[in-house]
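Every value quoted in this text rests on a predicted model; they were computed, and no experiment measured them. Every chain is numbered from 1, with letters handed out A, B, ... down the list of sequences.
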Amino acid sequence: MDDRIRRNMPLFSMSIVGELTGLSARQIRYYEEHHLVTPERSKGNRRLFSFNDVERLLEIKALLDKGVNLAGIQHVLGMKQQEELTSASVSDTQSPETEYRKPDLSDDELRKLLKQGLFDAGKHGKTSIIQGELSRFFH
DNA sequence: GTTCTTACA
DNA sequence: TGTAAGTA
């Protein structure tokens, strides 16, 4: 169960993460500014990334390739975070009668939607979902 | 030598 | 986003 701890353990340097994700240091720092990732800091103020951070960055990269902008990515990641918290607080303390709700849309579902052609709207309309209005699908 | 911040293109 | 400058 301390697997969660291990995944959030600050281990990787900027250069390593860049190598692992294929993202430039500039990009990674930029995403941090926008709260897409929140790596720890060493005493020397050096960034220390965890496995979770790396995975997160890989997702960001994937979404970026699909044409999703920062606003859209923030929505996706924000939702995923809530999902993690929800499942984490429930998994261990689960009584047969306990009721709880998961997020309306899973990131998998969202990914499927994005894959299908939500972004095609952008090629036709002016401001596609990808240009920031992803929140419309979370009502 | 690597990473950080700030700032300009 | 890339890159330069000045640090830590």
Side-chain angles (χ1 to χ4, degrees):
Chain A
M1 282 305 171
D2 51 311
D3 192 60
R4 233 186 106 67
I5 296 178
R6 241 167 285 201
R7 288 192 167 176
N8 288 302
M9 228 195 280
L11 301 171
F12 313 112
S13 66
M14 184 66 251
S15 59
I16 295 298
V17 175
E19 207 170 306
L20 259 39
T21 65
L23 294 170
S24 68
R26 177 75 170 83
Q27 287 177 295
I28 296 173
R29 297 189 185 108
Y30 181 71
Y31 303 148
E32 180 185 15
E33 283 187 68
H34 291 265
H35 311 100
L36 271 52
V37 289
T38 54
E40 304 284 310
R41 293 290 180 135
S42 67
K43 286 188 177 180
N45 196 38
R46 266 72 222 275
R47 264 167 270 252
L48 291 177
F49 302 83
S50 67
F51 281 102
N52 278 168
D53 291 325
V54 174
E55 288 179 23
R56 208 179 177 70
L57 285 169
L58 287 173
E59 287 194 55
I60 292 173
K61 186 187 177 188
L63 290 172
L64 241 38
D65 289 334
K66 291 186 177 183
V68 182
N69 62 47
L70 283 188
I73 293 177
Q74 291 183 328
H75 281 90
V76 177
L77 266 41
M79 177 192 67
K80 187 184 177 181
Q81 202 169 58
Q82 290 174 45
E83 195 168 343
E84 287 179 9
L85 293 176
T86 304
S87 58
S89 60
V90 162
S91 58
D92 287 330
T93 315
Q94 209 176 109
S95 67
E97 305 302 329
T98 302
E99 262 190 57
Y100 53 88
R101 299 181 64 72
K102 281 196 171 183
D104 304 75
L105 210 60
S106 72
D107 56 329
D108 260 334
E109 290 179 286
L110 179 61
R111 223 168 276 173
K112 183 179 295 182
L113 289 175
L114 288 171
K115 210 169 191 175
Q116 292 180 341
L118 281 180
F119 62 90
D120 282 331
K123 298 178 180 178
H124 306 153
K126 347 239 165 190
T127 307
S128 72
I129 305 163
I130 294 178
Q131 293 304 309
E133 288 302 320
L134 250 181
S135 59
R136 180 178 175 295
F137 291 84
F138 293 85
H139 294 168

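For DNA chain C, the residues of residues 18-28 of chain A within the heavy-atom distance limit of 4.0 Å (strictly under) are A:Ser24, A:Arg26, A:Gln27, sorted by number. Taking every heavy atom of residues 36-48 of chain A and every atom of DNA chain B, pairs under 4.0 Å involve A:Arg41, A:Asn45, A:Arg46, A:Arg47, by number.
With values rounded to the nearest 0.5 angstrom, A:Leu36 atom CG is found 10.5 Å from A:Glu59 atom CD. Atoms CD1 and CG, from A:Ile60 and A:Leu70 in turn, are 8.5 Å apart once rounded to the nearest 0.5 Å.
The CD1-C1' distance, from A:Ile60 to C:dT1, rounds to 15 Å in whole Å. If you take CD of A:Glu32 and P of B:dT3, they are 14 Å apart, rounded to a whole angstrom. Between A:Arg29 atom CZ and C:dT1 atom P there is a gap of 14 Å when expressed in whole angstrom units. Spacing between atom OH of A:Tyr30 and atom C1' of B:dT3 amounts to 21 Å, rounded to whole angstrom units.
The shortest distance between side-chain heavy atoms of A:Glu32 and A:Pro39 falls below 4.5 Å. A:Arg47 is listed as a side-chain neighbour of A:Arg41, based on a closest heavy-atom distance under 4.5 Å.
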Under the side chain to side chain contact (heavy atoms under 4.5 Å, CB included) rule, what do A:Leu23 and A:Tyr31 come out as? Steps first, then yes or no, please.
CA-CA 11 Å; A:Leu23 294 170; A:Tyr31 303 148; 4.1 Å; yes
Given side chain to side chain contact (heavy atoms under 4.5 Å, CB included), test A:Phe49 with A:Ile28 step by step and report yes or no.
CA-CA 11 Å; A:Phe49 302 83; A:Ile28 296 173; 3.6 Å; yes
Should A:Val17 and A:Asp53 be marked as a side chain to side chain contact (heavy atoms under 4.5 Å, CB included) after you check the CA-CA gap, both sets of side-chain angles, and the distance that decides it?
CA-CA 9 Å; A:Val17 175; A:Asp53 291 325; over 6 Å; no
How is the base pairing of DNA chain B summarised as a dot-bracket string, given the Watson-Crick and G-U wobble criteria with both distances under 3.5 Å, [ ] for crossing and | for another strand?
.|.||||||
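Between the side chain of A:Ser50 and the backbone N or O of A:Arg7, at least one donor-acceptor pair lies under 3.5 Å. Proximity of a side-chain donor or acceptor of A:Lys61 to a complementary backbone N or O of A:Gly22 within less than 3.5 Å is not detected.
Under the 4.5 Å side-chain heavy-atom criterion for grouping Ile, Leu, Val, Met, Phe, Trp and Tyr, A:Val54 is not connected to A:Leu48 through any hydrophobic cluster. One hydrophobic cluster, built from ILVMFWY side chains closer than 4.5 Å, holds both A:Leu20 and A:Leu57.
In this model, the phosphate group of B:dT3 is approached by a side-chain N or O of A:Ser15 to a distance below 4.0 Å at OP1 or OP2.
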